[in-house]
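Reading through the structure tokens given below for one structure.
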Amino acid sequence: MPEISSLHIYNSLTRKKEVFAPLNPPFVGLYVCGPTVYSDVHLGNVRSFLTFDVVYRYLTYLGYNVRYVRNITDVGHLLDDSDEGEDKIEKRARLEKIEPMEIVQKYTNGFHSTVNQFNLIPPSIEPTATGHILEQIEMIQRIISNGYGYEINGSVYFDVKKYAEKHNYGELSGRKLDELLEQTREELAGGDEKRFFADFAIWKKASDDTIMKWDSPWGIGVPGWHLECSVMSTKYLGQEFDIHGGGMDLKFPHHECEIAQSIGADGISPVKYWMHGNMLTVNGTKMSKSLGNSFLPEELISGDHPLLEKGYSPMTVRFFFLQANYKSTVDFSNEALQAAEKGLKRLMDAIKKLDEIVSSESSSIDVDSLIKKCTKSMNDDFNTPVTIAHLFDGVKLINSIHHFQEINKKDQKKLRDHYHTFVFDILGLKEENIETSNDELPNELMELIINLRNQSKENKDWGTADLIRDELKKLNISIKDNKDSSTWNYEE
RNA sequence: GGUUCCGUGGCCGAGUGGCUAGGCAGUGCUCUGCAAAAGCAUCUACAUCAGUUCGAAUCUGAUCGGAACCUCCA
């Protein structure tokens, strides 16, 4: 393995790790497919957005000026592509008996509060499909005028067969049209108005009772789902931009269609690096709402779900995800979550210790080497599990200070900065103990209690000392005795 | 059926030819009034079979098992 001194990204398009070279440094364009806001996001969705949160954070750390665009799909995501295809949001609105835009607002709010809990940084721009109807109509017109779209009965379809004459439809997902053709699945047997089964709607005629619909050169309708990402990425990041991310399950057809649309409209393959995050599984199968094996974030935190033995904090979950490679599936399990919970505590405790350590004259810890290792692993396609392993190696060193290791003031500061940068800024973890009040009173009270307890200890009144510790434990406060002092902390 | 990927110790999870992952759990010891934390030491591995090689978790082939996608999906 060659020394990795610069960022390498696994590009789904070429199926290789490539050196990351932005199109217009120091600027980087990052587009991530956001949620369709027709229901609550579940933990699998969170994992995907988390992956790109770390990508964004690390690119920023490297000094790039990143414009991060993550859309909200608030119209046009049909249940299927057939003539009766119904908009997911409309359907939900009918079920909940409220306006479609109320659905959109409700679940957008929910999405924001969820990703906020997991400490995801908001994108630079969060555009919505309904806010870009005009641009979508314009793109459809470009596609039609280039001969890659056709209108039938007020709907417009992308002409995949025509496109495939000159271009490689399937280059991203590794599919070949003739192989697709050989498929015998009944659902593909057609019977709808498309000329070719692989054609996809870029404008869909709306029925009379549809609420969200717009006028267009082809009549009243809604834009096709794949189109919005092409339009909004082009608008905010340009016809060609650096990184496009999304879940593995969007690779085909969604991202494949995006490429076709951009080439069809503007003749340019839009994305230099495609990144795909893998799925969260439960007992080996993909977490999805339809299978009923998904958790909502509230259920996860409260532990109120048949598959959960207890609740897990958002940072525990974040850490759990980061301990696996984003390209691998992660299987949910209580045991693994509990291991992550303890590991995270160990990491966080060491960082705290770093502030309290009394420094020595000399230093036996090679801080530069540790920093280099962490950078190297992150440069290797955002390898967070290996980075975390390096950080744990450092934890061992930190815990050995005053035993086998010593550290001077300069290194102490450097090490502290390193941990703060990597753990808080890049991995995006944070302290999440009980809400800290500005009030000094708890600290003063605890100081008082600890002093009283220490007096009992000096008098060898172990009964009282243990009673205080036990009673505090019931209040979720833990006391730890060190050689000369005692410390206290809130327990989870 | 097609395409792609995966199978590592009790659990999770890195690792692409030789040398250490890491976390959690276990065992022994040190420290401690006890406990907790921490440190030191230590035990469980590379699905199966065959091949290439001086040497294979890593490369090749076969077998078994699992997953994702194949127009709802993050």
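Labels below follow one simple rule: chain letters A, B, ... track the order of the sequence lines, proteins then strands, and each chain is numbered from 1.
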If you measure from the C1' atom in B/G66 to the same atom in B/U60, how many Å do you get, rounded?
22 Å

A/L354 CG to B/A37 P, in whole Å, measures 21 Å

Closest of B/C40, B/G2, B/A74 to the A/S400 side chain is B/C40

Practice problem: Mind telling me whether A/F422 and A/H418 have parallel, tilted or perpendicular rings, with 30° and 60° as the class edges? | Solution: tilted

Taking the six-membered ring for Trp, is the centroid-to-centroid distance between A/H244 and A/Y273 below 6.0 Å? no

Quiz item: Think A/K342 forms a cation-pi with A/F392, using NZ or CZ under 6.0 Å from the six-ring centre and within 45 degrees of its axis?
Solution: no

Requested in this report: Using a heavy-atom cut-off of under 4.0 Å over every strand shown, decide if A/I479 touches base, sugar-phosphate, or nothing.
Outcome: base

Check the side chains of A/Y157 and A/E193 for a donor-acceptor pair under 3.5 angstrom, ignoring hydrogens and angles.
yes

Do A/Y326 and A/F321 make the cut of ring centroids closer than 6.0 angstrom? no

Per the atom types in the model, does the base of B/A36 pair as donor or acceptor with the side chain of A/R469 at under 3.5 Å?
no

>> In whole Å, measure the gap between the P atoms of B/G15 and B/A21 for me.
In response: 14 Å

Against the side chain of A/R175, the closest entry in B/C69, B/G15, B/C12 is B/C69

By nearest-nucleotide position on RNA chain B, the 5'-leaning member of A/V386 and A/F404 is A/V386

For A/F158 and A/Y163, I'd like to know if the aromatic rings sit close, meaning centre-to-centre distance below 6.0 Å. yes

Against the side chain of A/A465, the closest entry in B/G33, B/G23, B/A68 is B/G33

Considering only heavy side-chain atoms of A/S328, the closest of B/A14, B/C12, B/A67 is B/A14

Closest to the side chain of A/K88, out of B/U71, B/C11, B/C72, is B/C72

(request) Report, as yes or no, whether the 6.0 Å neighbourhood of atom NZ on A/K88 holds more than 12 heavy atoms from other residues, nucleotides or ligands. (result) yes

Please state whether the phosphate of B/G15, meaning OP1 or OP2, lies under 4.0 angstrom from any side-chain nitrogen or oxygen of A/N383.
yes

Check: In terms of heavy-atom contacts, does NZ of A/K327 have more than 12 from other residues, nucleotides or ligands at under 6.0 Å?
Finding: yes

In RNA chain B, consecutive runs of at least three Watson-Crick or G-U pairs below 3.5 Å, as range with range, amount to B:1-7 with B:64-70, B:10-12 with B:22-24, B:26-30 with B:38-42, B:47-51 with B:59-63

Any donor-acceptor pair under 3.5 Å linking the side-chain atoms of A/Y148 with those of A/Q261?
no

**Request:** Considering only atom P, compute the distance from B/C31 to B/G17 and round it to an integer number of Å.
**Result:** 46 Å

Between NZ of A/K457 and P of B/A35 the distance, given in whole Å, is 13 Å

Taking for A/D466 and for A/S173 the nucleotide of RNA chain B with the nearest heavy atom, the one nearer the 5' end belongs to A/S173

#### Entry: Same-atom distance (C1') from B/G51 to B/G13, integer angstrom
30 Å

From the candidates B/G23, B/C40, B/C70, the one with an atom nearest any side-chain atom of A/R346 is B/G23

(Q) In whole Å, measure the gap between the P atoms of B/U42 and B/C49 for me. (A) 30 Å

Discussion item. At less than 3.5 Å, do the side-chain atoms of A/N325 and the base atoms of B/G13 form a donor-acceptor pair?
Written reply: no

Does B/U3 have OP1 or OP2 under 4.0 Å away from a side-chain N or O of A/K251?
no

Worksheet item: Considering only heavy atoms and no angle criterion, is a donor-acceptor pair shorter than 3.5 Å present between the side chain of A/R15 and the base of B/C5?
Response: no

Mind checking A/H77 for me? I need base, sugar-phosphate or nothing, with any heavy atom below 4.0 Å counting as a touch. sugar-phosphate

Review point. Could a donor-acceptor pair under 3.5 angstrom be found where the side chain of A/D249 meets the base of B/C72?
Key: no

Exercise for review: Would you classify A/L280 as touching base, sugar-phosphate or nothing, given that sugar-phosphate means primed atoms plus P, OP1 and OP2, and contacts are heavy atoms under 4.0 Å?
Suggested key: base

Within residues 33-42 of chain A, those residues having any heavy atom closer than 4.0 Å to RNA chain B are A/H42

Using the P atom as the point on both nucleotides, what is the distance between B/U52 and B/G39, in whole Å?
47 Å

Original post:
Which part of the nucleic acid, if any, lies within contact of A/R453, taking any heavy atom under 4.0 Å across all strands shown: a base, the sugar-phosphate backbone alone, or nothing?
Top reply: base

Whole-Å distance, A/N476 CG to B/A36 C1', equals 15 Å

Item to complete: Output, in order, the C-alpha distance, side-chain angles, deciding distance and verdict of side chain to side chain contact (heavy atoms under 4.5 Å, CB included) for A/I407 and A/S360.
Response: CA-CA 5 Å; A/I407 193 163; A/S360 316; 5.5 Å; no

Taking any heavy-atom pair under 4.0 Å as a contact, classify A/K396: base, sugar-phosphate, or nothing. sugar-phosphate

Reckon A/A336 touches a base, only the sugar-phosphate, or nothing at all at heavy-atom distances under 4.0 Å?
sugar-phosphate

Separation of the C1' atoms in B/G28 and B/U44, to the nearest angstrom = 16 Å

Review point. Contact class for A/G44 (heavy atom, under 4.0 Å): base, sugar-phosphate, or nothing?
Key: base

Checking B/C12, B/G33, B/C69 against the side chain of A/F252 (C-beta onward), the nearest is B/C69

Once you measure the plane-to-plane angle for A/H254 and A/H226, does it fall in the parallel (<30°), tilted (30-60°) or perpendicular (>60°) bin?
tilted

**OP:** Over 60° means perpendicular and under 30° means parallel, so classify the ring planes of A/F252 and A/Y169, tilted if in between.
**Re:** perpendicular

From CE of A/M287 across to P of B/A67 the rounded distance in Å is 16 Å

Between CD1 of A/I357 and P of B/A38 the distance, given in whole Å, is 14 Å

Q | Side chains of A/S313 and A/E432, donor plus acceptor under 3.5 Å | A | yes

Closest of B/A37, B/G23, B/C69 to the A/K480 side chain is B/A37

From CD1 of A/I477 across to C1' of B/A37 the rounded distance in Å is 18 Å

With the side chain defined as heavy atoms from C-beta on, A/D481 is closest, among B/A38, B/A74, B/G33, to B/G33

When rounded to whole Å, the CG to P distance for the pair A/D349 and B/G23 reads 15 Å

When the P atoms of B/U20 and B/U16 are compared, how many Å lie between them, rounded to an integer? 15 Å

When rounded to whole Å, the CG to P distance for the pair A/L397 and B/A38 reads 15 Å

A/F392 has its side chain closest, among B/G33, B/G22, B/A74, to B/G22

Taken to the nearest 0.5 Å, the spacing of A/I103 CD1 from A/I89 CD1 works out to 8.5 Å

Is A/S377 touching bases, backbone alone, or none of the nucleic acid, heavy atoms closer than 4.0 Å? nothing

